[in-house]
Amino acid sequence: MLRPLLEYSDSYQLSPLTVLVDPLRARSMLGADADPDMRFLFDKQLQEADLVCFTKSDLYPEYPETAALMFAILARRQGKAWPRG
């Protein structure tokens, strides 16, 4: 998403990319029955993210488990560690 804009870095300054994630949507993207095209887009957005922010976490009591599961799966898929805070 942001990489093509880097060629204009002398004109623009890019801020960190924040990706907002709905916990319910994240859980559906982690399932085996998730649409492969949607999963690809979901993974790519998270790969490029500088910051991942879960939205609506107050509505989902299972949020901490969903976040932990998502980051564990993404770490395996992408081969990178995900800092948490």
Side-chain angles (χ1 to χ4, degrees):
M1 252 168 38
L2 295 177
R3 294 193 207 300
L5 296 175
L6 291 176
E7 69 182 71
Y8 301 106
S9 62
D10 57 332
S11 304
Y12 300 99
Q13 180 179 2
L14 297 178
S15 296
L17 174 64
T18 302
V19 173
L20 303 177
V21 178
D22 180 313
L24 186 62
R25 184 69 161 159
R27 186 173 281 282
S28 72
M29 289 292 104
L30 298 176
D33 60 341
D35 179 277
D37 293 330
M38 293 301 292
R39 183 183 300 164
F40 175 81
L41 290 174
F42 181 75
D43 287 353
K44 287 299 179 185
Q45 287 177 343
L46 293 176
Q47 278 179 345
E48 290 197 17
D50 296 307
L51 177 65
V52 176
C53 179
F54 282 85
T55 62
K56 306 176 197 170
S57 59
D58 57 324
L59 300 178
Y60 303 106
E62 71 280 357
Y63 158 72
E65 293 80 20
T66 299
L69 177 63
M70 187 185 91
F71 286 122
I73 290 172
L74 288 172
R76 280 196 307 268
R77 282 187 198 165
Q78 300 174 359
K80 82 179 199 184
W82 287 87
R84 297 182 207 163

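Basis for what follows: all heavy atoms, side chains included, without hydrogens, waters or symmetry-related copies. No experiment lies behind these values; they were computed from the predicted model shown.
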Between CZ on residue F42 and CD on residue Q47, distance to nearest 0.5 Å: 11.5 Å
Anything under 3.5 Å between a donor and an acceptor, one on a side chain of residues 25-32, the other on a protein residue two or more places apart or in another chain? List them.
{"residue": "R27", "atom": "NE", "partner": "T66", "partner atom": "OG1", "Å": "3.4"}
{"residue": "R27", "atom": "NH2", "partner": "T66", "partner atom": "OG1", "Å": "3.0"}
{"residue": "S28", "atom": "OG", "partner": "R25", "partner atom": "O", "Å": "2.7"}

Minimum heavy-atom distance L20-T55, with the two atoms named: CB-CG2, 3.8 Å
Counterpart residues, side chain to side chain contact (heavy atoms under 4.5 Å, CB included), relative to L51 (two or more places apart): T18
Listed partners of D22 passing salt bridge (Lys or Arg N to Asp or Glu O under 4.0 Å), at least two apart: K56
